[in-house]
Amino acid sequence: MQTKGSPSCCCSFEDYNLTTEWLLNHTSQRPKVAVICGSGLGLLADGAANKQTFRYQDIPNFPVSTVAGHEGCLVFGTIEDTSCVFMQGHFHLYEGYSLCQVTFPVRIFKLMGVETVLVTNASGAICPDYKVGDIMIIKDHINLPGFAGQHPLFGPNDERFGTRFPCMSDAYSKDLRRLAGQVCSELGCSGFLREGVYCMVSGPNFETIAEARMLQVLGCDSVGMSTVPEVTVAKHCGLRVLGLSLITNMVSLDYSREEKVNHDEVLQIGKMRAEVLQRVVTELISRCSINTH
Ligand SMILES: O=P(O)(O)O[C@@H]1C[C@H](O)[C@@H](CO)O1
């Protein structure tokens, strides 16, 4: 693979194949569902049985996690009869990875036979009605880095994965969103369930107040530093996507507000909601292949 920071794709089809082959040779699992765990949400894998864990550093071509709250492990397992793979920790532009590296695992999952990707993250609330601890089903996203030329599909298009100009108006599966709503209400989460628009910024700094106000005007309900590249690449290669965002902090929209956000707080809220999110994810996986297309 080329060095970090390439402006366009730095991973060849051979790179993807090599990693896929390595994983297929090291596990008997053939996952149908992949779960990408956001900051502080690695515990989502705890609901799986028959677990087999690989450290990212031991998987050929895999990037490694450099951020607290991202364990850096790929966990295979089963939920009921569904074979799944969990990424305990994902990759970010702000770590110095190219978007091709950030999204590398998504194409590996596709080549392994995954059909559905469940992406989770931590985000700050722009919508003033939201509360810390809310779970937001992602209805749509704004790819702000994409507007500035940072896009995971920049560069020559590999038709083996998908078309040059993918449609993104239905990136988040309606069926899966409906199912997530149903599962959350059955598990008693309706009181803190939302559906909204997630905006990706590159980070690593949290937003200024002027930036936060701009995001509000743009129609964002929450803001974070991940997910959009993975979802874009997943949609490009025909995977079904569900996105769940945990609201870990209120973004300051007001110069008189004294609270200052920090990453420890983000991780702490993740811990607080990990158990309930784990139940939601486990239930969703056990039902998603039966109830949706
Ligand atoms: O990796 P995600 O998007 O879940 O985590 C958010 C964005 C930054 O990585 C971090 C900031 O606290 O949380």
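In this text the structure is predicted, and so the values were computed from the model without any measurement. First listed ligand is number 1; within each ligand, the first listed atom is number 1.
- Put simply, the side chain of Lys260 gets close to the backbone of Glu258: a donor and an acceptor are under 3.5 Å apart.
- Between the side chain of Arg194 and the backbone N or O of Asp129, at least one donor-acceptor pair lies under 3.5 Å.
- Proximity of a side-chain donor or acceptor of Tyr198 to a complementary backbone N or O of Ser226 within less than 3.5 Å is detected.
- A cation-pi arrangement is present between Arg107 and Phe161, with the terminal nitrogen or guanidinium carbon under 6.0 Å from the aromatic centre and inside a 45° cone about the axis.
- Looking at atom 12 (O) of ligand 1, its nearest protein heavy atom turns out to be His263 ND1, 2.6 Å.
- For ligand 1, one of its N or O atoms has an N or O atom of Ser39 under 3.5 Å away.
- Near Gly38, with a cut-off below 4.0 Å to any heavy atom, the atoms of ligand 1 are 4 (O).
- Taking atom 7 (C) of ligand 1 as the reference point, the nearest protein heavy-atom neighbour is Met225 CB, 3.7 Å.
- In Glu275, the CD atom is not crowded: 12 or fewer heavy atoms of neighbouring residues, nucleotides or ligands sit closer than 6.0 Å.
- Looking at ligand 1, you'll find an N or O of His90 within less than 3.5 Å of one of its N or O atoms.
- Counting the atoms of ligand 1 from 1 in the order shown, those under 4.0 Å from a heavy atom of His92 are 1 (O), 2 (P), 9 (O).
- Each of the following atoms of ligand 1 lies closer than 4.0 Å to a heavy atom of Asn121: 3 (O), 4 (O).
- Short contacts between ligand 1 and Phe206, defined as distances under 4.0 Å to a heavy atom of the residue, involve ligand atoms 11 (C), 12 (O).
- When only interatomic distances are considered, the shortest N/O to N/O separation between Val67 and ligand 1 does not fall below 3.5 Å.
- In terms of protein heavy atoms, atom 9 (O) of ligand 1 is closest to Tyr94 OH, 2.7 Å.
- Heavy-atom separations between Gly224 and ligand 1 are all 4.0 Å or longer.
- The 12-atom threshold is exceeded at OH of Tyr255, counting heavy atoms of other residues, nucleotides or ligands nearer than 6.0 Å.
- Aromatic ring centres of Phe54 and Trp22 lie closer together than 6.0 Å.
- Taking OG1 from Thr20 and CG from Asn61, the interatomic distance works out to 9.5 Å, rounded to the nearest 0.5 Å.
- Under 4.0 angstrom from ligand 1, the non-hydrogen atoms of Val266 all belong to its side chain.
- Summary of contacts: the protein heavy atom closest to atom 3 (O) of ligand 1 is Ser226 OG, 2.5 Å.
- At least one cation-pi condition fails for Arg240 and Tyr172: the charged atom is not both under 6.0 angstrom from the six-membered ring centre and inside a 45 degree cone around its axis.
- Of all atoms in ligand 1, numbered sequentially from 1 with element shown, those under 4.0 Å from a heavy atom of His70 are 1 (O).
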